[in-house]
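Worksheet for the structure shown next.
Note on naming: letters A, B, ... go to the chains in the order of the sequence lines (proteins, then strands), and numbering restarts at 1 for each one.
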There are 2 protein chains.
Amino acid sequence: MESKRDILNNLLVVLFNNILTIEEKALKTGDFKNLTISELHVIEAVGLEKAPNMTRIANRLGVTVGTLTIAVNNLVRKGYVQRVRDENDRRVVKIGLTDTGEAAYRHHEAFHDDMIEFVIRTLSDGETGVLVEALSKITLYFEEKYGEGIQ
Amino acid sequence: MESKRDILNNLLVVLFNNILTIEEKALKTGDFKNLTISELHVIEAVGLEKAPNMTRIANRLGVTVGTLTIAVNNLVRKGYVQRVRDENDRRVVKIGLTDTGEAAYRHHEAFHDDMIEFVIRTLSDGETGVLVEALSKITLYFEEKYGEGIQ
DNA sequence: AAAAATACTTTGATAATCAAAGTATTGGGC
DNA sequence: GCCCAATACTTTGATTATCAAAGTATTTTT
């Protein structure tokens, strides 16, 4: 008999290990086959704020600004984002989504919405509450134990 | 007020997006700083079975066998795994953990055990049941919707 | 006005990844 | 028993992701 521990561990391992693959698969079902999962996460970070600068995005994603520069170069080339020099402080580069970028952002958002919608539809109110509670605790646990890996 | 939907979405995004970073951070606290997170996942896959072959591991990890060959080359060089030709079918290469590999496997296992231990300690029996139920449903949902991305 | 700090880009290196081509071995059909 | 197809793996060539460190431009501090 598999213990509750083992079951829980397996679930978390499978979910965590496969979520990126799944996200990528979902992405490739849309009109955005030329986006990688990393690039999508840049688009996600840009879409969540209005015109964030490079440092802000890099921190959010947990990568260096140099790494982000390269990703943004490619996204500009592919037509998903734009660079805009800040006129107040000309060192700063703000990143915005193009119309195509907006569309990609919404396509990915729909992936999340569907997932959440499914969970809420499937579980009772009480169960959803417990799930939120449990995930909050796990997040908090990671935060305390491993610090700024998580924002 | 943030809706239950938004809270749940944020939790899942934060957990999913950061789990690899966190796992890597946990890894680097041990004696295995020269392992990357991908290499660790190979070690994990090898440790879960007795001497799996290349194809088996590659399928489990969702990468091509070519990709795995390179990872195994590096892991052999670093002394974590061994290649053993199958004497019954000499096309087959079975992969096993060295003693160092075993140690790395157990160190990573401890990371999982701690996490699970925390969850079980923190939640009531009923709550843990709901969590398992909810995660099972999410996994199933992904499986149905996106097929073999998940095993 | 010089020096230090900040924001970003570039460079050089390594790792992860795939598809496709190549090598070795096995199994099936005749 | 021999050939051909299939299988298991490795190699190759290309792309992407990543970092640290060096470089450039601009702003802030002294």
For atom CE of M54(A) and atom P of dA7(C), their distance in whole Å
13 Å
What is the separation between atom CG on L68(B) and atom C1' on dT17(C), rounded to the nearest whole Å?
12 Å
Should L8(A) and L123(A) be counted in the same cluster of Ile, Leu, Val, Met, Phe, Trp and Tyr side chains packed under 4.5 Å apart?
yes
Nearest-angstrom distance from the residue atom CD of E24(A) to C1' of dT15(D)
13 Å
d(CG, L35(B); P, dT14(C)) in whole Å
18 Å
Rounded to whole angstroms, how far apart are CG on L75(B) and P on dA15(C)?
11 Å
How does each nucleotide of nucleotides 17-30 of chain D score, in 5' to 3' order, for protein heavy atoms under 4.0 Å: base (B), sugar-phosphate only (S), or none (-)?
SBBS-----BS---
Are more than 12 heavy atoms, taken from residues, nucleotides or ligands other than K33(B), located less than 6.0 Å from that residue's NZ atom?
yes
Separation of R83(A) atom CZ from dT10(C) atom C1', in whole Å?
12 Å
Donor-acceptor contact below 3.5 Å, side chain R85(A) vs main chain R91(A)
yes
Return the value, rounded to whole Å, for the distance between atom CG of L61(B) and atom P of dA15(C).
18 Å
Using a 4.0 Å heavy-atom cut-off, does R56(A) contact any base of the nucleic acid, only the sugar-phosphate backbone, or nothing at all?
nothing
Protein-nucleotide distance (I57(A), atom CD1; dC8(C), atom P), rounded to Å
9 Å
Does T69(A) reach a base, just sugar-phosphate, or nothing at all? Heavy atoms under 4.0 Å.
base
Any donor-acceptor pair under 3.5 Å linking the side chain of K4(B) with the backbone of T128(A)?
no
Parallel, tilted or perpendicular: which describes the rings of F111(A) and H108(A), with under 30° parallel and over 60° perpendicular?
parallel
Taking C-beta and beyond as the side chain, do I57(A) and I95(A) meet within less than 4.5 Å on heavy atoms?
yes
